[in-house]
Amino acid sequence: MLSVNETVARMLEELADLEDLRGTRYKPSAYRRAARNIRHTEEPVTNLREEGTLANIEGVGDAIRAKIIEALDTGTMSTLETLREEVPVDITTLKKVRGLGTKSLARLWSELGITTLDELEAAARQGKIGQLDGFGPKTVTGILEQVEHVREAMNRWLLSDLETAAETLQQRLTQAAPIRSITTAGSIRRRCPTAARIHLVAVTKKPEATLDAFTNLAEAHNILDRSPSQATVELVTGTPATLTTTWETHHGGALLDATGAPAHLEDLQAHAQQAGGSLTPQGLEQDGQTHAFTTETSLYEALDLPPIPPELREGNGEVQAAAEGTLPDLVTLSDIRGDLQMHTTYSDGVTDIQAMARKANTLGYDYILITDHGPSLGIANAPSEDELYQQRDEIQEINEEANIDTTVLWGVEANIVPDGLDVPEDMLDEMDLVVASMHDMVDDASDRIEHALEAYPVDILGHPTNRKLNRRKGNRLDLDRIVSIAEREKVALEINAQPKRLDLDWRDAFEHRDRVSFVISTDAHSPGEMEVMRFGVDQARKAWLPKGSILNAHPLEELVTRLGA
DNA sequence: GCCGTTTTCGGCCCGACTGTTTTCAGTCG
Ligand SMILES: [Zn+2]
């Protein structure tokens, strides 16, 4: 289900965590570095192995190369198996408990024998953890809170991962089942940032054989449920996946029903009932008979409505807007003309500026903004001020190259630190555009952001809440206040397109959509990551944003004017 | 375990923040 590179990367990361627990030095960071670079390598390691070029990946030497080959041949690594026995800690789950790192987990394991989330919770409740030196009451209550969050997160998955899994299922079924067509519905079709399940709808004349094929797929780890027209299986990842079968004549109603959201269907039902009808998964009941629909569009039409884009179907007034003819003209991926946040080897990106520029050129972008981290983010190999000036000169040279039409802009992702930004103001003034972001979780985030936006020439507020989906909720912000300041200071809010961020959240963007401008940026750390733009566009659409609200859907001159840069 | 050499060993991203301290260790990015 996962790509081979991702699978290998995760194995190496588990190896790193387990070695960390044993107190091994340096190996963990070597494994993590290799894992990260493998994840950012576009060519599958399977191919590199054939070519004998695995060791060309930074951080991959003889030992790790042998481990990759072993993983490709056997599906695992003997070192990993041995370590799992030696260190029987469910590290993949336990490391999600924020506040507990490998040092603490190693102690909890050796001193209290804790190896699982359940054991951690029990020990915390029984007061055993609070008795250990260095574990105070705040740590214990923090652990109990985190255990709950981790439990919730274990039953939700990122949109990007679910989409990949759903596509695999679609391909398998297209080959293995007598189906006419198959569509991904549910939360994935509505482009929700995370979701609890996969829901597919297949058009077929042979539901029984189709559902048999589905439950027999290699990907179907467990069968959870089965009826004449629907089956649910559990994938290896634990994700439930449902396949609903439908006749071609009833596809519209089935797809609408499987797509939801419940709140949208309720509003639609109320609308149907006003006209004396009633909506069912089969279609529309009216005057004692059921009308079936082959497409959603014809169903909406029967309700006297224009088709409502799946992203909008959340019960946020979209049915009323559709009835009044005031649905927004949503931004699309093809509207995007540039990308305003990305990293290079000047900080924690994996390629140089030129590689990013070439990728942007093939994407047909008018412009990109290079935004390496400001000097304070040590871990990210952040550039000094001298290096940032060097970068300016390098960008100038790339802009003179004839074979790249994309304009490369010089900027920075300045870090919002307690007393402002970590880049001097006169340097920011020289830059084309400035992104400022928080990388810490703090209580006074709103105050810091306010100060940064008012005291420095900031153009874009990057990943405003600093959330990581399924990992942490993000800083609690006074968005009303921040939006007012952004409006006044001509600062755009970023919708970060990284699948693990998608920050600002679409609900917040929706609430403030009429007051402020947005940019959609990939925050790419490799050329390939520039393609996650579509996930950000999805979120903008969920927030009802038209092209006009998205600054990087416009030519550079207009962008610069609207940012007051 | 990787890497780069004044080439086969000795170094290895570093600053902010938090909770627990009584002067700092562990976590996070
Ligand atoms: Zn950032």
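A note on names: the letters A, B, ... follow the listed sequences, proteins ahead of strands, and every chain is numbered from 1. Every value quoted in this text rests on a predicted model; they were computed, and no experiment measured them.
- For the P atom pair drawn from dT5(B) and dG1(B), the interatomic distance equals 23 Å after rounding to whole Å.
- Checked for salt-bridge contact, Arg156(A) and Glu152(A) miss the test: no charged N lies under 4.0 Å from a carboxylate O.
- OP1 or OP2 of dT27(B) has at least one side-chain nitrogen or oxygen of Ser104(A) nearer than 4.0 Å.
- When each of dC2(B), dT20(B), dG29(B) is scored by its nearest atom to the side-chain atoms of Ala30(A), the top-ranked nucleotide is dC2(B).
- In this structure, Arg107(A) reaches neither bases nor backbone, as no heavy-atom distance under 4.0 Å exists between it and the strands shown.
- Residue Arg448(A) places its side chain closer to dC17(B) than to any other of dC17(B), dT27(B), dG1(B).
- The distance between atom CG of Asp443(A) and atom P of dA16(B), rounded to the nearest whole Å, is 18 Å.
- Mapping Lys95(A) and Thr139(A) onto DNA chain B via the closest heavy atom, the residue that lands nearer the 5' end is Thr139(A).
- One finds no salt bridge joining Glu494(A) and Arg501(A) here, because no Lys/Arg side-chain nitrogen approaches an Asp/Glu carboxylate oxygen to under 4.0 Å.
- You'll find that the side chain of Lys27(A) is closest to dG1(B), out of dC28(B), dG1(B), dG19(B).
- We find that the ring of Tyr26(A) and the base of dC2(B) do not stack by the test of centres under 5.5 angstrom and planes tilted less than 30°.
- The pair Asp62(A)-Arg65(A) meets the salt-bridge criterion, with a side-chain N (NZ, NE, NH1 or NH2) lying under 4.0 Å from an Asp/Glu carboxylate O.
- As rounded to the nearest Å, dA25(B) and dT20(B) have C1' atoms that lie 9 Å from one another.
- Using modelled atom types, no side-chain atom of Asp90(A) and backbone atom of Thr115(A) make a donor-acceptor pair closer than 3.5 Å.
- For the OP1/OP2 pair of dG29(B) and a distance below 4.0 Å, the side-chain nitrogens and oxygens of Arg472(A) include at least one atom meeting the criterion.
- The distance from atom OH of Tyr31(A) to atom P of dC3(B) is 13 Å, rounded to the nearest whole Å.
- Here the nucleotide nearest the side chain of Lys67(A), chosen from dA16(B), dG19(B), dG1(B), is dG1(B).
- Each of dG29(B), dA16(B), dG19(B) was ranked by its minimum atom distance to the side chain of His439(A); first place goes to dG29(B).
- Among the atoms of the strands shown, none is found under 4.0 Å from any heavy atom of Pro28(A).
- Residue Gln146(A) contributes atom CD, which lies 14 Å from atom C1' of dT18(B) at whole-angstrom precision.
- When only modelled atom types and interatomic distance are considered, Asp523(A) and His343(A) share a side-chain donor-acceptor pair under 3.5 Å.
- Among dG19(B), dC2(B), dG26(B), the nucleotide with an atom closest to any side-chain atom of Ile64(A) is dC2(B).
- No side-chain donor-acceptor contact under 3.5 Å links Ser446(A) and Asp478(A).
- Considering only the side chain of Lys103(A), dG26(B) comes nearest among dG26(B), dG19(B), dG1(B).
- Residue Lys138(A) has its side chain nearest to dG19(B) when only dG19(B), dC3(B), dA16(B) are considered.
- If you measure from atom OH of Tyr346(A) to atom P of dC13(B), you get 21 Å, rounded to the nearest angstrom.
- The partner of dA16(B) is dT27(B), by the rule that a Watson-Crick or G-U pair needs both atom distances under 3.5 Å.
- Distance noted for atom C1' between dT21(B) and dC14(B): 22 Å (whole Å).
- Thr102(A) comes within contact range of the sugar-phosphate backbone alone, with a heavy-atom separation under 4.0 Å but no base atom that close.
- Between Glu529(A) and Arg39(A) there is no salt bridge, since no side-chain nitrogen of the basic residue lies less than 4.0 Å from a carboxylate oxygen of the acidic one.
- One finds no side-chain N or O of Ser376(A) lying less than 4.0 angstrom from the OP1 or OP2 phosphate oxygen of dC14(B).
- One P atom belongs to dG11(B), the other to dT6(B), and the distance between them is 15 Å to the nearest Å.
- Distance Arg32(A) CZ to dC12(B) P: 18 Å, rounded to the nearest Å.
- Separating the CD atom of Glu145(A) from the C1' atom of dG19(B) is a distance of 14 Å, rounded to the nearest angstrom.
- At a threshold of 4.0 Å, the pair Arg32(A)-Asp17(A) counts as salt-bridged, since one of the basic side-chain nitrogens sits closer than that to a carboxylate oxygen.
- In this structure, the CG atom of Leu100(A) is 13 Å from the C1' atom of dT18(B), given to the nearest Å.
- Atom CG of Asp348(A) is separated from atom P of dC14(B) by 14 Å (rounded to the nearest Å).
- Between dG29(B), dA16(B), dC2(B), one nucleotide has an atom nearer to the side chain of Asp440(A) than all others, and that is dA16(B).
- Using a 4.0 Å heavy-atom cutoff across all strands shown, Arg98(A) reaches sugar-phosphate atoms only and no base atom.
- Here, dC3(B) and dC13(B) have their P atoms 13 Å apart, quoted to the whole Å.
- Residue Asp62(A) is in sugar-phosphate contact alone, with no base atom involved, counting any heavy-atom pair closer than 4.0 Å across all strands shown.
- Of the candidates dG29(B), dG1(B), dT18(B), the closest approach to any side-chain atom of Val442(A) belongs to dT18(B).
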